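This is the structure I want to talk about, given as structure tokens.
Side-chain atoms are counted along with the backbone in the values below, which use heavy atoms only and exclude waters and symmetry mates. Proteins come first, then strands; the chains are lettered A, B, ... in the order of their sequence lines, and each starts at number 1. Keep in mind that this is a model prediction, so the values were computed, not measured.
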Protein chains: 2
Amino acid sequence: MSLRMALLGLLKATGPASGYDLAKLFDSSINNAWKAGHSQIYPELARMTEDGLVTVEADGPRGRKTYTLTDAGWEALRHWLVGREPERHWRSEAALRAFLLPLLDAREAAAWLRREAEYYAERLRSLEELRHADGEEYPMKRAGFGRYALELGISQNRLLRDWALDSAADLERRAAEEENETATGEDAAERRAGD
Amino acid sequence: MSLRMALLGLLKATGPASGYDLAKLFDSSINNAWKAGHSQIYPELARMTEDGLVTVEADGPRGRKTYTLTDAGWEALRHWLVGREPERHWRSEAALRAFLLPLLDAREAAAWLRREAEYYAERLRSLEELRHADGEEYPMKRAGFGRYALELGISQNRLLRDWALDSAADLERRAAEEENETATGEDAAERRAGD
DNA sequence: AGAGCCATGTAACTAGTTACATGATTCG
DNA sequence: CGAATCATGTAACTAGTTACATGGCTCT
């Protein structure tokens, strides 16, 4: 359903487009919110045509098919956006790893987190560039389309970067404390064993 | 693969458990990072047994099967955690809606965002409670397991709440400006048409 | 003529969802 | 003895991934 809505939204925002165009738009715009390859998009467009949400004109060069949003299509999108509770579940491999991280040795986990932080920092940079890019470089920016999603993406990547750095520092502090304990305190360990 | 790793991680952290236990643990702990129902967990455990990652003892009451992590299972988990780039793609219905939001009327979009903000605020409250809960109420907290994921979840919900409120305010400001323009300025519109 | 991009699709597979189905035990 | 919970599974379906397959058009 979400894929379908993403396609309807892109058609609403850009006007008529081919499956090929939509696949490219996916990569360059909505990409931070949803992902789909052409092998998923083409059959979905065919089903949407059957359901009357889009109409197709097969005319362009190389058998290019141009899809146009119908009234029913726009109505379906509006209804989905406004009239339904969103699905809240998300699956994120990054979050899962975060969850499992304390199973590792603290130093190892910290090192991994620092590499993650670099990734998020890089990502943050590229999204901030998008914010300052004008309409030609980032065509979806026209009409404020994607504006709020872009801000969200930027904030989230900043958050993830900071979280990774803070967690790494925390793990390193804990590792250092432990090492300190075992190094200075054979006697302390004996004291603990005694009570 | 991620489901498999989540199950291995839970077994590592809690010790031997049944499919039923693991399904409940999923709901109560790892839930913010990954989601799975029993109909996905049971067959996965069967496959993991075939692959030698866990062993099964069918002994308990009501045909309860107890799964135990093997050395190969722990090794597989370690390797997945440390030795691979994570998959970065995420699909989030919330983010997709954020992207498509500017297609709606500004007032309507703002109202929707304010409802969203309430949802995130509620979620934030319940995660913050978890942070202060002791080990009995939140068993995964033992040994710091899930600690970093919990902090991440709290930060993310706070971010989403604030993002929704800020975006709503922005949309309302824009709507007000537009209304102001059309109300006061027939002449202004003509002036614009003239240049 | 050949490289590169435009453009569309299908097939086989893995992952995840929803609904159905069954029965044992425990507690009040 | 009945309700709640424990406990396991399967079947049918939808969504998403990866790999394969084909051919047209444009530019050099």
Closer than 4.0 angstrom, basic N to acidic O: yes or no for A:R64 and A:D21?
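Yes, charged N to carboxylate O under 4.0 Å.
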Return each pair, listed once, that meets side-chain hydrogen bond (donor to acceptor under 3.5 Å, both in side chains) where at least one residue sits in residues 70-83 of chain B; pairs must be two or more places apart or across chains.
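Applying side-chain hydrogen bond (donor to acceptor under 3.5 Å, both in side chains) to every pair that reaches into residues 70-83 of chain B, excluding sequence neighbours, yields A:E108-B:R78.
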Can you check whether B:L53's main-chain N or O pairs, donor with acceptor, with B:D51's side chain at less than 3.5 Å?
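Pair absent, no side-chain N/O of B:D51 close to backbone of B:L53.
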Output yes when at least one side-chain N/O atom of A:K24 is less than 4.0 Å from OP1 or OP2 of C:dC5, else no.
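No, A:K24 has no side-chain N/O under 4.0 Å of OP1/OP2 on C:dC5.
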If only side-chain N and O atoms of B:Y42 are considered, is one of them under 4.0 Å from the OP1 or OP2 phosphate oxygen of D:dG9?
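Result: no.
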When Ile, Leu, Val, Met, Phe, Trp and Tyr are grouped by side-chain heavy atoms lying under 4.5 Å apart, directly or through other members, which residues fall in the same group as A:L159?
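B:L159, listed by chain and number.
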Nucleic acid footprint by protein, nucleotides 13-18 of chain D - heavy-atom cut-off 4.0 Å, B for base, S for sugar-phosphate alone
--SBBB
Using five pairs at either end of the helix from C:dA1-D:dT28 to C:dG28-D:dC1, determine the angle between the two local helix axes and round it to 10 degrees.
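If I round to tens, the end axes sit 20° apart.
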Given 3.5 Å as the limit, does a donor-acceptor pair link the side chain of B:W112 with the main chain of A:G83, or not?
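No.
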Does A:Y42 sit in a hydrophobic cluster with other residues, and if so which ones, taking ILVMFWY side chains as linked at heavy-atom separations under 4.5 Å, directly or through other members?
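Besides A:Y42, the hydrophobic cluster comprises A:Y20, listed by chain and residue number.
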Is B:I41 linked to B:W34 within one hydrophobic cluster, defined over Ile, Leu, Val, Met, Phe, Trp and Tyr using a side-chain heavy-atom separation of less than 4.5 Å?
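Yes, B:I41 and B:W34 fall within the same hydrophobic cluster.
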Less than 4.0 angstrom between a side-chain N/O of B:Y20 and OP1 or OP2 of D:dT8, yes or no?
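Negative; the distance criterion is not met.
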Let me have a per-nucleotide readout for nucleotides 22-28 of chain D, 5' to 3', with B, S or -, counting only protein heavy atoms under 4.0 Å.
--BB---
Any side-chain donor-acceptor pair under 3.5 Å between B:D170 and A:Y148?
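Yes - a donor-acceptor pair under 3.5 Å links their side chains.
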A:R114 side chain to A:A168 main-chain N or O, any donor-acceptor pair under 3.5 Å?
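Not confirmed, A:R114 side chain does not pair with A:A168 backbone.
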Are side-chain N/O atoms of B:N157 and B:R125 paired as donor and acceptor at under 3.5 Å?
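B:N157 vs B:R125: no donor-acceptor pair found between side chains.
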